[in-house]
Amino acid sequence: MGNFLDKLSKKTGLKQVKLEFATCGEIMIDGLSFSFGVESAGAASVKGLCVSVSGEAVDSGEVTFTDLQYHEQHGGNITVVKHDFPLVTKKDGKKIYQAKFTKIPITEYSSGAFFRKVTEQDVIDRINAQISFRVTPHYSGDGLPEIMLSVYPYENPLNGSATQWLNVTSDKDYFLHKFENKNKGAK
């Protein structure tokens, strides 16, 4: 059905509601806030969106999440809103974290700024169109379990989602160790 809707929207010129990541970190680290943001890549919608985190490590309880926050932006001013991030059981019995944001509007994507000089208002509009979140992962194991972060619009959940696979680590110095390992290999 997804390909059919994509082809139909291309033929008719109708845009679908679609999200893409504007910002997203490389890895989630135990106890440290993880920020990510999405922006519109299609049509506008007032039906809202959903944030979910899933994967075997979530289903088994190996990785947990707390402190979900949504950052409302109003003309450059940011208000932090705390939100529940419940662990829910899907119809297939697997567990996922899922937060519903039915009052967050999705603005229409505008590509016009790429073909002209970008103004200060263009930058403000783009920042205001981004929807930003923060969540805290918890993991105490030795490996790097993989989880799937998805943000999807209710109006087009199948074709409109921004989805990324990420690893989780308990190593608070992950980036320092990663940098050291890269430099050792370069010699």
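Remark: side-chain polar atoms of S40 are paired, donor with acceptor, to backbone N or O of T107 under 3.5 angstrom. At least one donor-acceptor pair closer than 3.5 Å links the side chain of K15 to the backbone N or O of Y109. Using a distance-only test at 3.5 Å, with no hydrogens or angles considered, a donor-acceptor pair links the side chain of T23 to the main chain of G37.
With rounding to the nearest 0.5 Å, the separation of CZ in R134 from OG in S35 is 4.5 Å. Interatomic distance, OG of S45 versus NZ of K18, reported as 15.0 Å (0.5 Å rounding). With rounding to the nearest 0.5 angstrom, the CG atom of L166 is 5.0 Å from the CD atom of Q164. To the nearest 0.5 angstrom, T169 atom OG1 is 10.0 Å from L32 atom CG. In this structure, CE in M148 is found 3.5 Å from OG in S54, a value given to the nearest 0.5 Å. Once rounded to the nearest 0.5 Å, the distance linking CD of Q98 with OG1 of T89 reads 11.0 Å.
G160 and P153 make their closest contact through O-CD, 3.2 Å (heavy atoms, listed as atom of the first residue, atom of the second, distance). Considering all non-hydrogen atoms of both residues, G48 and I106 come closest at O-CD1, 3.9 Å. Among all heavy-atom pairs drawn from K95 and V58, the shortest one is O-CG1, 3.7 Å.
With a 4.5 Å cut-off on side-chain heavy atoms, D142 and D171 do not count as touching. Between S52 and S150 there is a side-chain heavy-atom pair separated by less than 4.5 Å. Side chains of V168 and L144 form no contact here, defined as non-hydrogen atoms less than 4.5 Å apart.
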For this session: Please assess T66 against H138 for the test side-chain hydrogen bond (donor to acceptor under 3.5 Å, both in side chains), listing each intermediate value before the final yes or no.
Result: CA-CA 8 Å; T66 59; H138 302 282; 2.7 Å; yes
For this session: List the steps and the verdict of side-chain contact (heavy atoms from CB on, under 4.5 Å) for D67 and V135.
Result: CA-CA 5 Å; D67 305 322; V135 69; over 6 Å; no
Problem set entry | Evaluation steps, side-chain hydrogen bond (donor to acceptor under 3.5 Å, both in side chains), between N156 and Q16 | CA-CA 7 Å; N156 186 18; Q16 293 183 359; 3.0 Å; yes
For this session: Begin from the C-alpha positions of E26 and F34 and carry the test side-chain contact (heavy atoms from CB on, under 4.5 Å) through to its verdict.
Result: CA-CA 9 Å; E26 179 180 322; F34 180 82; over 6 Å; no
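Cluster membership for Y152 and L68, using ILVMFWY side-chain heavy atoms within less than 4.5 angstrom, is not shared. Following chains of ILVMFWY side-chain contacts shorter than 4.5 Å, one cannot reach Y154 starting from L149, and the two form parts of different hydrophobic clusters. Grouping the Ile, Leu, Val, Met, Phe, Trp and Tyr side chains by contacts below 4.5 angstrom, directly or via other members, places V46 apart from V51. Linking ILVMFWY residues whenever their side-chain heavy atoms come closer than 4.5 Å, directly or via other members, places V17 and I104 in the same cluster.
Within the structure, ring pair (Phe, Tyr, Trp, His ring centres under 6.0 Å) pairs that include any residue of residues 37-59 do not occur (at least two apart or interchain). Pairs engaging residues 79-105 under the ring pair (Phe, Tyr, Trp, His ring centres under 6.0 Å) rule: F65-Y97, Y70-F101, H83-F101, F85-Y97, F101-F133 [sequence neighbours left out]. Residue pairs satisfying the salt bridge (Lys or Arg N to Asp or Glu O under 4.0 Å) criterion with at least one member in residues 30-51, sequence neighbours excluded, are listed as follows: D30-K172, E39-R126.
In terms of the side-chain hydrogen bond (donor to acceptor under 3.5 Å, both in side chains) criterion, residue partners of S161 (sequence neighbours excluded) are, by chain and number, T163. For the salt bridge (charged side-chain N to carboxylate O under 4.0 Å, His left out) test, residues two or more places apart in sequence or in another chain that qualify with E56 are K94. Under the side chain to side chain contact (heavy atoms under 4.5 Å, CB included) criterion, P86 pairs with D84, V88, sequence neighbours left out.
The only option from V80, V81, I131 that meets the side-chain contact (heavy atoms from CB on, under 4.5 Å) definition with H71 turns out to be V80.
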